[in-house]
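Remarks on the structure that follows.
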Amino acid sequence: MTGGASPMITVRDCRKQFARGDVLAFENLSFDVARHEAVTIVGPSGCGKTTLLKCIDALVPLTSGSIRLAGREITEPDPRIAMVFQHFGLFPWKTVQDNVAYGLRMQGVSRAEWRPRVHRYIGLVGLEGFEQAYPYQLSGGMQQRVGLARALAMEPEVLLMDEPFGAVDAQTREILQQELLRIWEEAPRTMVFVTHDIEEALLVGDRVIVMTPRPGRVSRIVDVPFRRPRNINELYADPRLGRLRNEIWDLLREPDEQVPAASSTDGA
């Protein structure tokens, strides 16, 4: 946790075991996320990263341990938390405006209130002029911007991001990374960002949580030294990025003899 700030998210001694096949996704997970801190999580496929996000969002129950939001244990979905998924999750029969407004309308927010808010966040993600377009008329990167705008329109205190740029091409991914940095710096929120891309983790995060193979545990938490605001081109020219990438890659390659190999798959 940075700057001695009190935790916004507290993860303590968390364990998640699925009944089917006795799959143990993660265990002994403990870490804090400060208010307005961006924490990224990397780890091998199947180590429970996505499952952990779902537990924070109360979509999946923990087997044991606790997750707290601002000191209160999370036991059910909380409107202060919003998630952005990898595969957009847009309704194909709804326009951009209606997709972004969906969560607000489900909460009973009046049209007079949600319309200006939706317009603001559509503009913030760079989609002004596409309000009446349908998802099939948009590129993958534009669809992901709609998903981000939908989450931001809820004005959550915590933003959970599950490999949000994993389904787009490399050029679009870099553009979206820079856009996310810009948006986050304009309106900071507590953010937990899961990715398989080590460089992305370092570009986005204030700290990087490196997890072991399943059952996922915290291998190390790496402090990111780059100041904000951040410029991706400048960071790629910074030799510290390469050194930290290699350090994290070495951690991911280290064999963990205490973790048995597993053939079944669950979690990201």
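Remember, predicted model here, so these are calculated numbers, not experimental data. Sequential numbering from 1 along the given sequence is applied to the chain's residues.
- The shortest side-chain heavy-atom distance between Lys49 and Met211 falls under the 4.5 Å cut-off.
- In this structure, the separation between OG on Ser219 and CG on Leu252 is 7.5 Å, given to the nearest 0.5 Å.
- Every residue was checked against the salt bridge (charged side-chain N to carboxylate O under 4.0 Å, His left out) condition with Arg150, not counting sequence neighbours, and none meets it.
- Proximity of Val33 to Met8: side-chain heavy atoms (C-beta onward) are nowhere separated by under 4.5 Å.
- Considering CD1 of Ile122 and CG of Leu152, their distance stands at 11.5 Å, rounded to 0.5 Å.
- Shortest non-hydrogen contact noted between Phe18 and Ala25 is CE1-CB, 3.9 Å.
- Residues that satisfy the salt bridge (charged side-chain N to carboxylate O under 4.0 Å, His left out) test with Asp238, not counting sequence neighbours, are Arg240.
- Between Arg217 and Glu27, at least one side-chain nitrogen of the basic residue sits less than 4.0 Å from a carboxylate oxygen of the acidic one, meeting the salt-bridge criterion.
- A 4.5 Å side-chain heavy-atom check between Val208 and Ile248 finds at least one atom pair inside the cut-off.
- Distance alone, capped at 3.5 Å, is enough to place a donor-acceptor pair between the Gln143 side chain and the Leu138 backbone.
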**Request:** Go through Leu29 and Asp13 one step at a time and tell me if the side-chain contact (heavy atoms from CB on, under 4.5 Å) criterion holds.
**Result:** CA-CA 5 Å; Leu29 275 186; Asp13 302 320; over 6 Å; no
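- Here Glu174 pairs with Gln177, Ile232, Asn233, Tyr236 under the side chain to side chain contact (heavy atoms under 4.5 Å, CB included) rule; sequence neighbours left out.
- Between Arg173 and Glu200 there is a salt bridge, with a side-chain nitrogen of the basic residue lying less than 4.0 Å from a carboxylate oxygen of the acidic one.
- Leu53 is listed as a side-chain neighbour of Val192, based on a closest heavy-atom distance under 4.5 Å.
- Side-chain contact between Ile198 and Leu202 is present, with at least one heavy-atom pair separated by less than 4.5 Å.
- Under the side chain to side chain contact (heavy atoms under 4.5 Å, CB included) criterion, Glu76 pairs with no residue, sequence neighbours left out.
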**Request:** Any chance you could lay out the side-chain contact (heavy atoms from CB on, under 4.5 Å) test for Asn28 and Arg15, step after step, and finish with the verdict?
**Result:** CA-CA 6 Å; Asn28 301 328; Arg15 184 175 191 266; over 6 Å; no
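- Take Glu113 and apply the side chain to side chain donor-acceptor pair (under 3.5 Å) test, not counting sequence neighbours, and it matches Arg117.
- Counting non-hydrogen atoms of other residues, nucleotides and ligands closer than 6.0 Å to CZ of Arg220 gives a total of 12 or fewer.
- The distance from atom CG of Leu176 to atom CZ of Phe165, rounded to the nearest 0.5 Å, is 5.0 Å.
- Evaluation of the salt bridge (charged side-chain N to carboxylate O under 4.0 Å, His left out) rule for Glu186 yields Arg182 as partners, not counting sequence neighbours.
- Looking at heavy atoms from C-beta onward, Phe226 lies in side-chain contact with Leu241 at the 4.5 angstrom threshold.
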**Message:** Show, in sequence, the C-alpha distance, side-chain angles and deciding distance for Phe26 and Cys47, and conclude whether the side-chain contact (heavy atoms from CB on, under 4.5 Å) test is met.
**Reply:** CA-CA 7 Å; Phe26 55 78; Cys47 72; over 6 Å; no
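- The minimum heavy-atom distance between Pro135 and Pro92, with the atom names listed, is CD-O, 3.7 Å.
- For Thr10, there are no side chain to side chain donor-acceptor pair (under 3.5 Å) partners, not counting sequence neighbours.
- For the pair Lys16 and Thr51, the tightest heavy-atom approach, listed with the atom from each and the gap, is CG-CG2, 3.8 Å.
- A search for side chain to side chain contact (heavy atoms under 4.5 Å, CB included) contacts involving Leu59 returns Lys54, Asp57, not counting sequence neighbours.
- Residues Leu148 and Ile183 are in side-chain contact: their nearest non-hydrogen atoms beyond the backbone lie under 4.5 Å apart.
- A distance of 5.5 Å separates CG of Leu127 from CE of Met142, quoted to the nearest 0.5 Å.
- Between Phe31 and Val218, the shortest heavy-atom contact is CD2-CG2, 4.4 Å.
- Clustering of Ile, Leu, Val, Met, Phe, Trp and Tyr side chains at separations under 4.5 Å places Phe91 together with Trp93, Tyr102, Met106.
- A distance of 4.5 Å separates CD1 in Ile221 from CD1 in Ile209, rounded to the nearest 0.5 Å.
- Remark: Asp98 engages Arg105 in a salt bridge (charged side-chain N to carboxylate O under 4.0 Å, His left out) (not counting sequence neighbours).
- With respect to Asp206, the salt bridge (Lys or Arg N to Asp or Glu O under 4.0 Å) criterion is satisfied by exactly one of Arg35, Arg227, Arg230: Arg230.
- Counting only heavy atoms from C-beta outward, the side chains of Val158 and Arg80 never approach each other to under 4.5 Å.
- Across all their heavy atoms, Val84 and Gly147 have their closest contact at CG2-O, 4.2 Å.
- For the side chain to side chain contact (heavy atoms under 4.5 Å, CB included) with Leu251, the qualifying choice from Val210, Asn246, Thr212 is Val210, the only one to do so.
- Evaluation of the ring pair (Phe, Tyr, Trp, His ring centres under 6.0 Å) test over residues 103-149, restricted to residues two or more places apart or in two chains, returns none.
- In summary, Arg145 and Glu179 engage in a salt bridge, as defined by a charged side-chain N under 4.0 Å from a carboxylate O.
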Would you give me the side-chain donor-acceptor pairs under 3.5 Å for residues 61-73, sequence neighbours excluded?
residue	atom	partner	partner atom	Å
Thr63	OG1	Gln17	N	2.7
Thr63	OG1	Gln17	O	3.3
Arg68	NH1	Gly71	O	3.1

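- Scanning both residues, Asp32 and Val11, for their nearest heavy atoms gives OD1-N, 4.3 Å.
- A distance of 10.5 Å separates CD1 of Ile41 from CZ of Arg207, quoted to the nearest 0.5 Å.
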**Message:** Using the rule given for side-chain contact (heavy atoms from CB on, under 4.5 Å), can you reason through Asn99 versus Thr95, listing the C-alpha separation, both sets of side-chain angles and the distance that settles it, and then say yes or no?
**Reply:** CA-CA 6 Å; Asn99 267 289; Thr95 64; over 6 Å; no
